[in-house]
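Some notes on the structure that comes next.
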Amino acid sequence: MIKLRYSKRLFKRSCSSSKATACVGGNAVAAGGGGAGEIEWEVRPGGMLVQKREGRGGEEVVLVRVSTGFSWHDVSIGATSTFGELKVRLSMVTGLEPREQRLLFRGKEREDGDHLHMVGVRDKDKVLLLEDPALKDMKVRAALAAAQVLQSPCHPFIQV
């Protein structure tokens with residue numbers, strides 16, 4: 001969080017309020033002593049510097065419904081989190097490692113570095129979780145190979 005000082009004359013607008021306030025964006029803001037007040041700023045994950053939102057204590061949390069085909073899971077996560085962080089949370093619930101997961105939102109596969117709020121994920125939105133088909137195929141082949149090794153006949157004696 002960064003605090004910047006400003007002068008009244010930078011934000012002159014017609015405002016029907018007393019002399020002890022400055023008009024910022026059409027809203028009356030109380031000014032500190034000497035005609036200057038403080039605006040709190042925050043840096044968003046995309047690097048944009050914006051005025052801090054009022055009335056929000058801490059990070060906003062969204063509830064995301066993740067569908068895995070026949071079942072679904074409700075996951076609470078910060079709105080500014082990434083899809084990679086969501087995959088880590090889902091790995092605890094589903095048992096799939098994050099590298100085995102593919103997350104789709106609004107019909108598009110999302111990268112691990114994409115932030116939820118930048119893509120447009122809101123509270124109670126639905127995300128589709130798919131198992132990566134290449135890794136799933138590799139698992140099936142490994143299981144078949146292991147089953148063939150176990151089914152091969154073992155001879156407990158040696159013929160001379």
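Owing to the predicted nature of the structure, the values given are computational and were not obtained by experimental measurement.
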Starting from [Y], can I reach [X] by hopping between I/L/V/M/F/W/Y residues whose side chains sit under 4.5 Å apart?
| X | Y | value |
| --- | --- | --- |
| L128 | F83 | no |
| L103 | V75 | yes |
| L86 | M92 | no |

Out of curiosity, [X] [atom1] to [Y] [atom2], how far, rounded to the nearest 0.5 Å?
| X | Y | atom1 | atom2 | value |
| --- | --- | --- | --- | --- |
| Q51 | E42 | CD | CD | 9.5 Å |
| I77 | R89 | CD1 | CZ | 5.0 Å |
| L116 | T82 | CG | OG1 | 7.0 Å |
| R65 | H73 | CZ | NE2 | 11.0 Å |

Can you tell me if S81 uses its side chain to pair, donor with acceptor, with the backbone of G78 under 3.5 Å?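 Yes; at least one donor-acceptor contact below 3.5 Å.
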
Side chains of residues 117-127: which donor-acceptor pairs under 3.5 Å do they make with residues two or more places apart or in other chains?
| unit_1 | atom_1 | unit_2 | atom_2 | d |
| --- | --- | --- | --- | --- |
| H117 | ND1 | A79 | O | 3.4 |
| D123 | OD1 | L63 | N | 2.7 |
| D125 | OD2 | R122 | N | 2.8 |

Flag yes if more than 12 heavy atoms outside E109 fall under 6.0 Å of its CD atom; otherwise flag no.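 Yes, because the 6.0 Å sphere around CD of E109 holds more than 12 heavy atoms from other groups.
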
Who passes side chain to side chain donor-acceptor pair (under 3.5 Å) against S67, sequence neighbours left out?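 By the side chain to side chain donor-acceptor pair (under 3.5 Å) rule, S67 matches no residue at all.
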
Looking at every heavy atom in both W72 and D74, which two are closest together, and how far apart are they?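 That would be CZ3-OD2, 3.3 Å.
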
Ignoring hydrogens and angles, write down the donor-acceptor pairs under 3.5 Å from the side chains of residues 93-101, residues two or more places apart or on other chains.
| unit_1 | atom_1 | unit_2 | atom_2 | d |
| --- | --- | --- | --- | --- |
| T94 | OG1 | L90 | O | 2.8 |
| T94 | OG1 | L96 | N | 3.3 |
| E97 | OE1 | R99 | NE | 3.4 |
| E100 | OE1 | E97 | N | 3.3 |
| E100 | OE1 | K139 | NZ | 3.3 |
| E100 | OE2 | K139 | NZ | 3.4 |
| Q101 | NE2 | K87 | O | 3.4 |
| Q101 | NE2 | L96 | O | 2.9 |

